[in-house]
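The next block holds one structure in the form of structure tokens; read it before the comments.
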Number of protein chains: 2
Amino acid sequence: MDGRVSTARRATSADVARLAGVSRTTVSFVLNDTPEQSISAETRRRVLAAARELAYAPSAEARALGRGHSTSVLLYLPPAGSLTEDIGDIIERLSVLFDEAGLSMVIHAWTRRPAAQVWSSVTPAAVLAWDLEDDDAERMRRNGVRGVVSWTGSDVMGRWITGPREQDIAGVQVQRLTSAGHTHLGYAVTGGDHMHGVSQWRFEMLRRECTSRGLPAPRMLHLPAEPGGAAAALSTWRAENPAASGVCAHDTTAALAVLSGMRQLGWAAPRDLAIVGVNDSRAAALADPPLTMVALDTDVTARYIVAVITALVQGAPAPRLPATAGASIVDRDSV
Amino acid sequence: MDGRVSTARRATSADVARLAGVSRTTVSFVLNDTPEQSISAETRRRVLAAARELAYAPSAEARALGRGHSTSVLLYLPPAGSLTEDIGDIIERLSVLFDEAGLSMVIHAWTRRPAAQVWSSVTPAAVLAWDLEDDDAERMRRNGVRGVVSWTGSDVMGRWITGPREQDIAGVQVQRLTSAGHTHLGYAVTGGDHMHGVSQWRFEMLRRECTSRGLPAPRMLHLPAEPGGAAAALSTWRAENPAASGVCAHDTTAALAVLSGMRQLGWAAPRDLAIVGVNDSRAAALADPPLTMVALDTDVTARYIVAVITALVQGAPAPRLPATAGASIVDRDSV
DNA sequence: TCACCAAGCTAACACGCGTTAGTACCGCGG
DNA sequence: CCGCGGTACTAACGCGTGTTAGCTTGGTGA
């Protein structure tokens with residue numbers, strides 16, 4: 001119950017040096033396996049033993065200070081309310097992978113206050129943002145951030161990350177619906193989401209996919225989050241687009257909202273309307289009927305993001321998108 | 001498309017000093033409003049102007065190096081897969097609040113590798129963990145971490161954070177079910193979750209709540225994630241506990257799983273089984289029937305967590321739990 | 001005139017690390 | 001005996017802060 005502050009001081013490389021009876025420099029050479037330096041086996045053994053005994057771990061701050069940039073990656077969270085299960089999965093994955101790459105992930109919510117103050121607090125090696133203005137990106141670069149990557153924005157980097165991915169998603173969705181005989185499609189999204197970059201981008205990809213296959217352009221279906229409103233929005237949308245028989249939902253919530261509205265109207269899926277959602281989740285699997293979803297391979301996606309960022313941090317050319325696209329269909333009963 | 005590295009160097013306090021025509025020390029005095037130091041109005045003005053012109057932001061690393069600890073709070077993520085919508089909300093809230101408190105939040109996934117190496121990468125001022133072993137906590141304290149807080153563990157700090165909260169949740173759940181006439185209750189949880197500290201802890205709280213009200217102890221209902229298995233588990237559970245008429249679900253997924261199993265068995269909620277879930281979500285509101293849930297006030301919770309941690313970091317006594325408990329019922333149709 | 005004080009500012013150190021430029025030692029060919 | 005090269009190590013610097021001790025300058029009382 002006490003708020004007592006431990007006075008324990010963590011071990012420094014000087015402590016290790018003292019215990020091993022060598023200089024601090026030698027400790028650094030041993031622990032970093034500095035090439036072109038010859039250390040006798042006996043000395044190396046003593047240093048390692050001392051380090052282990054003191055549970056020595058180098059200070060990231062001091063290291064960053066010397067090198068000029070830290071090993072932390074600043075991740076801007078998506079707009080409020082969109083930290084959902086699937087995004088959570090990717091973040092979890094990213095955390096592990098960055099860890100393995102020797103980087104640590106710092107998370108900040110996306111607020112509109114002067115960006116400088118935010119990244120000043122960490123001096124990140126790279127910034128991974130959900131959606132990034134061009135001038136923000138440029139300002140970050142000018143302040144020494146080595147990698148600036150956005151998931152959805154107009155920055156070139158962004159397309160590397162999610163652009164092709166979004167295209168794959170749209171492709172899988174349309175493919176599944178057309179193979180079931182649906183040609184007139186809709187794009188369903190809930191709440192204020194339709195204003196965000198992600199859904200704009202995905203809607204655009206969907207449009208391109210449809211025109212490239214010679215299908216009519218998809219029709220936007222904007223649903224409120226409450227069940228009652230969903231039914232109303234659904235019936236007016238059907239009245240305006242009588243031919244539409246299949247809908248691509250933006251996420252699990254949108255798919256569930258469509259389902260809920262249909263239930264109120266006495267419609268059944270897929271008989272009256274077929275649904276393909278994006279980002280599989282437990283809620284989607286447990287819905288009635290269980291939802292057919294496009295699953296994003298979070299591991300592939302996360303791995304690629306980490307590969308791009310580590311490359312940028314090291315000044316190497318960024319890798320090309322992996323061949324395995326990472327978007328696959330999970331067939332259930334809503335198509 | 002180029003991975004070019006910007007050569008731009010960020011401004012340091014020395015740059016500001018040069019531009020303002022004063023010493024670096026004076027710059028530091030002005031920018032930190034160091035008390036007991038007298039700076040002329042004119043000098044102060046020049047320094048502030050120079051700092052603004054250069055868009056100067058102090059280096060967090062250098063500051064941390066001097067002070068001995070950083071301003072970052074290390075947040076251990078819950079075990080894989082449990083980063084759900086509501087937890088996401090809290091994390092989002094935490095990020096904003098820590099930001100306002102001048103702390104930055106670093107996220108690490110919970111892996112079982114030597115903890116030392118993890119927190120060495122950030123030298124955190126505090127650690128906020130989902131579940132923490134006592135010896136891990138002690139080791140962190142010894143290594144200079146000022147605040148060690150766990151959400152669910154046996155650490156005293158943990159009880160400050162979520163202990164009373166869990167108790168409130170259990171209280172609200174039981175209250176709602178008993179007021180609807182249900183006295184024989186169950187506790188539903190999915191997947192491997194029943195092994196984790198959170199659900200153990202909540203089950204325990206539920207048990208205490210029931211005995212304190214003179215009700216029989218709740219019966220654990222463990223559901224697999226797939227719909228089919230849910231139906232089977234549900235019917236054997238009912239066979240073993242024929243009197244049980246109400247169930248407290250651990251989260252949205254558990255509530256949906258119960259619902260899905262009931263659907264397969266031809267049961268209807270609340271007629272055949274009443275359900276109260278925890279942590280309201282959009283999926284719960286869109287279920288059939290819409291689920292009655294206990295909503296955790298994420299803002300109150302997050303605010304309290306931040307208050308405790310900032311107090312610990314500053315060496316002040318931690319505040320008492322706020323009066324508003326932050327757990328309230330969201331009435332829908334499953335009770 | 002001298003001592004003294006406050007105001008306003010600066011030199012210099014510490015923080016913990018990586019790294020460059022060295023130093024001491026030793027064996028060996030000339 | 002001298003020079004040379006390789007091995008094994010160390011002194012010292014810089015990274016950008018915050019902070020302590022001290023330095024000048026001008027004014028004031030004795």
Side-chain angles (χ1 to χ4, degrees), chain A residues 9-48 50-51 54-72 102 119-123 125 143-144, chain B residues 9-48 50-51 54-72 102 119-123 125 143-144:
Chain A
R9 200 177 53 85
R10 56 185 284 175
T12 73
S13 78
D15 296 326
V16 176
R18 210 165 310 137
L19 182 59
V22 295
S23 79
R24 218 178 46 67
T25 308
T26 302
V27 171
S28 177
F29 285 162
V30 170
L31 295 182
N32 295 319
D33 276 329
T34 311
E36 313 281 324
Q37 292 290 344
S38 47
I39 306 287
S40 73
E42 166 59 15
T43 303
R44 160 169 267 113
R45 195 195 56 73
R46 282 217 316 277
V47 169
L48 291 175
L54 296 176
Y56 168 71
S59 149
E61 287 84 3
R63 197 177 249 160
L65 191 55
R67 292 187 58 79
H69 62 265
S70 75
T71 60
S72 61
W119 25 269
S120 84
S121 61
V122 282
T123 322
N143 264 49
Chain B
R9 201 178 52 85
R10 56 184 285 175
T12 73
S13 77
D15 296 326
V16 176
R18 210 166 307 136
L19 181 58
V22 295
S23 79
R24 218 177 47 65
T25 308
T26 302
V27 171
S28 176
F29 285 162
V30 169
L31 295 182
N32 296 321
D33 276 330
T34 310
E36 312 282 323
Q37 290 291 344
S38 47
I39 307 285
S40 72
E42 165 61 14
T43 303
R44 160 169 267 113
R45 197 194 54 73
R46 282 217 316 277
V47 169
L48 290 175
L54 296 177
Y56 168 71
S59 149
E61 286 86 2
R63 199 176 245 162
L65 189 55
R67 292 188 59 79
H69 63 266
S70 75
T71 61
S72 59
W119 28 268
S120 85
S121 61
V122 283
T123 321
N143 265 49

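The chains referred to below are lettered A, B, ... by the order of the sequence lines, with proteins before strands, and numbering in each begins at 1.
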Testing the basics here: between [X] and [Y], what is the closest heavy-atom pair and its distance to 0.1 Å?
{"X": "B:A50", "Y": "B:A20", "value": "CB-CB, 4.0 Å"}
{"X": "B:A64", "Y": "B:S70", "value": "CB-CA, 3.6 Å"}
{"X": "B:S13", "Y": "B:R24", "value": "OG-CG, 3.1 Å"}

For [X] and [N], what is the distance between atoms [atom1] and [atom2] respectively, to the nearest whole Å?
{"X": "B:I39", "N": "C:dC9", "atom1": "CD1", "atom2": "P", "result": "6 Å"}
{"X": "A:N32", "N": "C:dT20", "atom1": "CG", "atom2": "P", "result": "13 Å"}
{"X": "A:E61", "N": "C:dG18", "atom1": "CD", "atom2": "P", "result": "13 Å"}
{"X": "B:R44", "N": "C:dG8", "atom1": "CZ", "atom2": "P", "result": "11 Å"}
{"X": "B:L65", "N": "C:dC13", "atom1": "CG", "atom2": "P", "result": "17 Å"}
{"X": "A:L31", "N": "C:dG18", "atom1": "CG", "atom2": "P", "result": "8 Å"}

Close N/O contacts between protein and nucleotides 24-26 of chain C (under 3.5 Å):
none

- Could you check if a side-chain atom of A:R44 sits within less than 4.5 angstrom of a side-chain atom of A:D33, using non-hydrogen atoms only?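 Side chain of A:R44 against side chain of A:D33, heavy atoms only: contact under 4.5 Å found.
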
- Query: In chain order, what residues pass the side-chain hydrogen bond (donor to acceptor under 3.5 Å, both in side chains) check against B:R63, with sequence neighbours excluded?
  - Reply: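 Per chain and number, B:R63 pairs via side-chain hydrogen bond (donor to acceptor under 3.5 Å, both in side chains) with no residue.
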
- Task: Classify the nucleic acid contact of B:T34 as base, sugar-phosphate or nothing, counting any heavy atom under 4.0 Å across all strands shown.
- Result: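 Contact class for B:T34: none.
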
- Query: If an axis is fit to five pairs at each end of the helix from C:dT1-D:dA30 to C:dG30-D:dC1, what is the angle between the two, to the nearest 10°?
  - Reply: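 About 80° separates the two local helix axes.
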
- Query: 5'-most contact on DNA chain C: A:T12 or A:F29, nearest heavy atom basis?
  - Reply: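 Result of the comparison: A:T12.
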
- Of B:S40 and A:Y56, the one whose closest DNA chain C nucleotide lies more 5':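 So the residue in question is B:S40.
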
- Which of these passes side-chain contact (heavy atoms from CB on, under 4.5 Å) with B:V47: B:I39, B:V22, B:L19?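 Among B:I39, B:V22, B:L19, the one meeting side-chain contact (heavy atoms from CB on, under 4.5 Å) with B:V47 is B:V22.
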
- Only one of B:T26, B:N32, B:V30 passes side-chain contact (heavy atoms from CB on, under 4.5 Å) with B:S28; say which it is.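 Only match with B:S28 under side-chain contact (heavy atoms from CB on, under 4.5 Å): B:N32.
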
- Query: By side chain to side chain contact (heavy atoms under 4.5 Å, CB included), which residues pair with B:E42, not counting sequence neighbours?
  - Reply: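 B:E42: side chain to side chain contact (heavy atoms under 4.5 Å, CB included) contacts with B:S40, B:R45, B:R46.
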
- Item | CA sep, side-chain torsions, deciding dist, call: A:R18, A:T12, side-chain contact (heavy atoms from CB on, under 4.5 Å) | CA-CA 10 Å; A:R18 210 165 310 137; A:T12 73; 5.5 Å; no

- Message: Below 4.0 angstrom, which residues in residues 13-28 of chain A have at least one non-hydrogen atom near DNA chain C?
- Response: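 Listed by number, they are A:S13, A:R24, A:T25, A:S28.
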
- Leading and trailing nucleotides of DNA chain D with any atom under 4.0 Å from heavy atoms of chain B: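 Nucleotide range with atoms under 4.0 Å of chain B: D:dG16 to D:dT20.
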
